Amino acid sequence: MKEIVGSLVAGEGDKYAIVAGRFNSLIVDALIEGANECLIRHGVDDDDITLIKVPGAFEIPIVAQRLAATGDYRAVLALGAVIRGATPHFDFVAGECASGIMKASLDTGCPIIFGVLTTETIEQALERAGTKAGNKGADAAMAALETVSALEQIR
């Protein structure tokens, strides 16, 4: 059996984009920092990372799709934080964000990595933005690198 496993080393000149929601910026800024540091640590030049900020998680899919469709980026990282409140707003935003990102990725053929936190509390979000549960922005960057590498091997 042949097994394909992606590596965590970026190709020279590979470009990556990050689309991040500004809502819950305390958390999202930590995710961005984690993703950026991880990409650089694994061989992506800082000048080859583009960051676009949008109002919130609901706006991420359309911008991610546009970036992916350019063909300029090996992958797009979608970063945000949706925290459950007292209304059903969470369910609509989180679900539509996830669906939109998946659709955009499949439609463009470019990996768009879902790094949008969907948590019950702000404490859970903070834990996933660099404290107890690691940094999910960095995890998204690792997923992007590995997915790009795996896709490259199946061409």
Side-chain angles (χ1 to χ4, degrees), residues 6-85 89-90 92-106 108 110-151:
S7 77
L8 298 174
V9 179
E12 188 174 334
D14 282 355
K15 295 181 185 317
Y16 289 80
I18 299 170
V19 181
R22 287 192 316 268
F23 201 79
N24 292 316
S25 63
L26 172 71
I27 294 155
V28 178
D29 288 349
L31 297 175
I32 293 167
E33 184 178 334
N36 191 60
E37 288 175 1
C38 181
L39 289 171
I40 291 169
R41 189 171 52 253
H42 289 275
V44 180
D45 190 282
D46 188 51
D47 290 335
D48 290 331
I49 303 169
T50 299
L51 171 63
I52 297 178
K53 290 189 175 182
V54 297
F58 199 79
E59 293 76 26
I60 291 172
I62 186 69
V63 175
Q65 181 178 22
R66 181 71 54 92
L67 287 164
T70 68
D72 294 340
Y73 301 99
R74 297 304 306 265
V76 177
L77 287 72
L79 304 179
V82 184
I83 301 167
R84 186 176 299 279
H89 184 75
F90 170 93
F92 297 112
V93 173
E96 292 303 325
C97 178
S99 296
I101 289 169
M102 178 55 71
K103 182 177 184 331
S105 187
L106 293 172
T108 62
C110 176
I112 303 175
I113 307 301
F114 187 77
V116 178
L117 300 180
T118 54
T119 63
E120 295 291 323
T121 66
I122 192 153
E123 291 80 17
Q124 290 174 344
L126 288 167
E127 288 174 359
R128 288 157 179 76
T131 60
K132 290 182 188 177
N135 185 301
K136 298 306 178 187
D139 291 352
M142 298 279 276
L145 292 163
E146 190 172 346
T147 302
V148 164
S149 174
L151 287 170

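For reference, positions follow the sequence shown, starting with 1. Since the model is a prediction, treat every value here as computed from it, not as a measurement.
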Taking C-beta and beyond as the side chain, do Ser149 and Glu146 meet within less than 4.5 Å on heavy atoms? no

Check whether Ser105 reaches the backbone of Ile112 with its side chain - one donor and one acceptor, N or O, closer than 3.5 Å. yes

Determine whether Asp29 and Lys53 satisfy the following criterion, side chain to side chain contact (heavy atoms under 4.5 Å, CB included), listing intermediate values before the conclusion. CA-CA 10 Å; Asp29 288 349; Lys53 290 189 175 182; 3.4 Å; yes

Val28 vs Arg22, test: side chain to side chain contact (heavy atoms under 4.5 Å, CB included). Steps then yes/no. CA-CA 7 Å; Val28 178; Arg22 287 192 316 268; over 6 Å; no

Which pair of heavy atoms, one from Ile60 and one from Gly21, lies closest together, and at what distance? CD1-N, 3.9 Å

Quick one: are Leu8 and Met142 in side-chain contact, heavy atoms under 4.5 Å? yes

Taking atom CD1 of Ile83 and atom OG1 of Thr121, what is their separation to the nearest 0.5 Å? 7.5 Å

Rounded to the nearest 0.5 Å, how far does NZ of Lys136 lie from OG1 of Thr119? 12.0 Å

Determine the minimum heavy-atom distance between Ala68 and Thr108, stating which atoms define it. CB-OG1, 3.4 Å

Asn135: which residues meet the side-chain hydrogen bond (donor to acceptor under 3.5 Å, both in side chains) condition with it, sequence neighbours left out? none

Quick one: CG on Asp45 to OH on Tyr16, what's the gap to the nearest 0.5 Å? 13.0 Å

Looking only at heavy atoms, which two atoms of Leu31 and Gly80 are closest? And how far apart? CD1-O, 3.6 Å

Counting neighbours of CZ on Phe23 that are heavy atoms of other residues, nucleotides or ligands and sit closer than 6.0 Å, is the number greater than 12? no

Closest approach of Leu79 to Gly137 (non-hydrogen atoms, all atoms of both residues): CD2-CA, 4.2 Å

Shortest non-hydrogen contact between Ile27 and Ala125, atoms and distance: CD1-CB, 3.5 Å

Whether Asp14 side chain and Arg74 backbone form a donor-acceptor pair below 3.5 Å: no

Distance, nearest 0.5 Å, that separates CG of Asp46 from CD1 of Ile40: 4.0 Å

If every non-hydrogen atom of Ala140 is compared with every non-hydrogen atom of Ile113, which pair is closest and at what distance? O-CG2, 3.6 Å

Please assess Val93 against Thr118 for the test side chain to side chain contact (heavy atoms under 4.5 Å, CB included), listing each intermediate value before the final yes or no. CA-CA 10 Å; Val93 173; Thr118 54; over 6 Å; no

Can you tell me how far CZ of Arg41 sits from CG of Asn36, rounded to the nearest 0.5 angstrom? 10.5 Å

Under 3.5 Å, is there a donor-acceptor pair between the side chain of Glu59 and the main chain of Gly56? yes

Measuring from Ile122:CD1 to Leu117:CG, what's the distance to the nearest 0.5 Å? 11.0 Å

Between Val82 and Phe58, is the side chain to side chain contact (heavy atoms under 4.5 Å, CB included) condition met? List the steps. CA-CA 10 Å; Val82 184; Phe58 199 79; over 6 Å; no

